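Only one structure is covered here, and it is reproduced in the block below.
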Amino acid sequence: MLSGKTVLLGVTGSIAAYKAASLASALKKQQADVHVLMTKNAANFIHPLTFESLTGNKCISDTFDRQFEYQVNHISLAKRADLLLVAPASANIIAKFAHGLADDMLTTTALACRCPKILSPAMNTRMFENPLVQENLQTLRTHQWTVVEPAEGHLACGDTGAGKMPEPETLLQYALQAIACQKDMQGLKVLVTAGATQEPLDPVRYLTNHSSGKMGYALARQASLRGAEVTLVTGKTSLPPVPFVDRIPVVTAEEMWEAVTARQAQQDILVKAAAVADYRPQTVSKEKIKKSEDTLSLSFVRNPDILQYLGQHRLPGQYICGFAMETEHVLERARQKLLRKGADMIVANSLRQEGAGFETDTNQVTILTKEKEISLPLLSKAETASRIWDAILQERKK
Ligand code: PMT
């Protein structure tokens, strides 16, 4: 996801410097060109050779080092950088950044960088909580630095509290969020529903479907990477949470309806990718359910139709997209769904097609609007999601 991007990884003097090696490796696995800039103190915790082996680039600490195969100095590195990520960031480097000091390669480069800048403070809790450190961090925030909150836990000094550098995977997500995609959805608020709902039949059993949530989660992830503010209303899934997305877990169709309608007014775009049962068992007293083990004798009532509600209660400028999962007459039924629900777009997928629909990591969809029909090839759900957002943004411009 970071192919063609140059990431400058600043490493400073903290015991957490050992974790920076995994971070450098994770960035490299995303195809980033990684250049590590170390402070002198950092070299007491980890050897530059570790980073050079992992990144294939010279690890730089001395501003006046001239032992380079090609011309690298703080200005040329700063000009090439797509991201400056400083992890771990000591109290000392935070103070230097906040006051514009420039006495080594990392600080001079940071001053010259115009790209997004992220720092991950790592230090003893008492140092982290010191008002001077907090003031410096606040100064940096006002100068557009993203400050990653340190994790809490047992620290190397024996204390327990805030100050741990988060795991490299968490910091990688910050890097991806900052630069993996163009921010063409910045300023948009979107709500996506994902996964399957469950309707309890009795205290033991429930009615559900095979939706894994992968399609909806991919939509949420792509929108967030493209800069949107995303709310994900999700039925039960085994998927990990989507980073930087507001996740609202629900169980039943009614709960999903309540979660969506309560938030509808704030959204620019709503996409219903969840698979929801049309009916639920009529509420019966717990007493009665316990006695009656015969679920077939239950009577059913209709669940609220989320997509239709959104189509009928659309606010000015709001865009509504639904999905249609069909086994036959896919496009014909999807087109009927578009009209019946009053949606702007229906994304049709067929359960009969290999690699499409439930549970797979791929999908093959046709995007339908009143005027258009765009057939996409079999793609990963991430790529499919990205193409769906492209289509929605295109349609919203009209
Ligand atoms: O979550 P994933 O595993 O990634 O799968 C993705 C997805 C296939 C769930 C997603 O791409 C998708 O198509 N989501 C919307 C599915 C859909 O049409 O949901 P819905 O809530 O609008 O409708 C479910 C419909 O299935 C109901 O209207 C019901 O009548 C119908 N149904 C149910 C059972 C059945 N045997 N036949 C049906 O037609």
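Just follow the structure's listing: the first ligand is 1, and inside any ligand the first atom is 1. On a predicted model such as this, the values are computed, not experimentally measured, just so you know. Hydrogens, waters and symmetry mates play no part in the numbers below; they use all other heavy atoms, side chains included.
For ligand 1, the polar-atom distance check against Met215 finds a nitrogen or oxygen pair separated by under 3.5 Å. For the pair Met325 and ligand 1, the shortest N or O to N or O distance falls below 3.5 Å. Checked against a 3.5 angstrom limit, the closest N/O atoms of Thr360 and ligand 1 fall outside it.
Cation-pi geometry between Arg302 and Tyr279 is satisfied (NZ or CZ under 6.0 Å from the ring centre, within 45° of the ring normal).
Contact annotation for atom 24 (C) of ligand 1: protein present (non-hydrogen atoms, distance under 4.0 Å). Protein non-hydrogen atoms do reach within 4.0 Å of atom 2 (P) of ligand 1. For atom 31 (C) of ligand 1, no protein heavy-atom neighbour is found at a distance under 4.0 Å. Atom 11 (O) of ligand 1 is approached by the protein to below 4.0 angstrom, counting heavy atoms only. Closer than 4.0 Å to atom 39 (O) of ligand 1 lies none of the heavy atoms of the protein.
No hydrogens or angles considered: nothing links the side chains of Tyr18 and Thr50 as a donor-acceptor pair under 3.5 Å. For the residue pair Thr366 and Ser375, a side-chain donor N or O sits within less than 3.5 Å of a side-chain acceptor on the partner. Judged purely by distance below 3.5 Å, without hydrogens or angles, the side chains of Gln138 and Gln134 never pair a donor atom with an acceptor atom. Using a 3.5 Å distance cut-off with no hydrogens or angles, the side chains of Gln177 and Ser224 do pair a donor with an acceptor. Side chains of Arg263 and Gln266: no donor on one and acceptor on the other come within 3.5 Å. Ser299 and Gln282 are linked by a side-chain donor-acceptor pair at a separation below 3.5 angstrom, with hydrogens and angles left out of the test.
Residue Ala273 touches ligand 1 through its backbone alone, judged by heavy-atom distances below 4.0 Å. Residue-level proximity to ligand 1 for Val276 is carried by backbone and side chain together, each with a heavy atom below 4.0 angstrom. Neither the backbone nor the side chain of Ala277 comes within contact range of ligand 1; no heavy atom lies under 4.0 Å. Neither the backbone nor the side chain of Glu326 comes within contact range of ligand 1; no heavy atom lies under 4.0 Å. Residue contacts with ligand 1 for Ser212 involve both N, CA, C or O and side-chain atoms from C-beta outward (heavy atoms, distance under 4.0 Å).
For atom 18 (O) of ligand 1, the nearest non-hydrogen atom of the protein is Lys337 NZ, 3.1 Å. Looking at atom 15 (C) of ligand 1, its nearest protein heavy atom turns out to be Phe323 CB, 3.3 Å. For atom 29 (C) of ligand 1, the closest non-hydrogen atom of the protein is Asp278 OD2, 3.2 Å. Nearest protein neighbour of atom 13 (O) of ligand 1, counting heavy atoms only, is Asn349 ND2, 2.9 Å. Counting protein heavy atoms only, atom 21 (O) of ligand 1 is closest to Lys272 NZ, 2.7 Å.
Each of the following atoms of ligand 1 lies closer than 4.0 Å to a heavy atom of Phe358: 3 (O), 5 (O), 8 (C), 9 (C). Set against the non-hydrogen atoms of Glu359, the atoms of ligand 1 under 4.0 Å away are 2 (P), 3 (O). Residue-ligand proximity, Ala324 to ligand 1, at heavy-atom distances under 4.0 Å covers atoms 18 (O). If you number the atoms of ligand 1 from 1 as listed, the ones under 4.0 Å from a heavy atom of Ala275 come out as 19 (O), 21 (O). Close contacts of ligand 1 with Lys214, meaning ligand atoms under 4.0 Å from a residue heavy atom, involve 1 (O), 2 (P), 4 (O). Close approach to Lys381 involves these atoms of ligand 1, each under 4.0 Å from a residue heavy atom: 2 (P), 3 (O), 4 (O), 5 (O). Which parts of ligand 1 touch Ser211 is read off a 4.0 Å heavy-atom cut-off, strictly below it: atoms 1 (O), 2 (P), 3 (O), 9 (C). Ligand-side atoms of ligand 1 in range of Gly213: 1 (O), 2 (P), 3 (O), range being under 4.0 angstrom from any heavy atom.
In this structure, the side chains of Leu8 and Arg80 stay at 4.5 Å or more apart for every pair of heavy atoms. For the pair Leu207/Phe300, a side-chain contact is recorded, criterion being any heavy-atom separation below 4.5 Å from C-beta on.
A salt bridge is defined here as a Lys NZ or Arg NE, NH1 or NH2 lying under 4.0 Å from an Asp or Glu carboxylate O, and Asp344 with Arg314 meets this definition. Electrostatic pairing of Lys341 and Asp305 counts as a salt bridge here, judged by a charged N lying under 4.0 Å from a carboxylate O. Salt-bridge formation is detected for the pair Glu254/Arg280: a Lys NZ or Arg NE/NH1/NH2 atom is positioned less than 4.0 Å from an Asp or Glu carboxylate oxygen. Ion pairing between a basic and an acidic side chain is recognised when a charged N comes within 4.0 Å of a carboxylate O; Lys183 and Glu229 show no such pairing. A salt bridge links Asp184 with Arg226; the closest basic N to acidic carboxylate O contact falls under 4.0 Å. Under a 4.0 Å N-O distance rule, the pair Lys40/Asp104 does not qualify as a salt bridge.
The closest approach between Ala348 and ligand 1 stays at or above 4.0 Å for every heavy atom of the residue.
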Expected list for residues 345-355: side-chain donor-acceptor pairs under 3.5 angstrom, two or more places apart:
{"residue": "Asn349", "atom": "OD1", "partner": "Asn363", "partner atom": "ND2", "Å": "3.1"}
{"residue": "Asn349", "atom": "ND2", "partner": "Ala324", "partner atom": "O", "Å": "2.9"}
{"residue": "Ser350", "atom": "OG", "partner": "Arg352", "partner atom": "N", "Å": "3.0"}

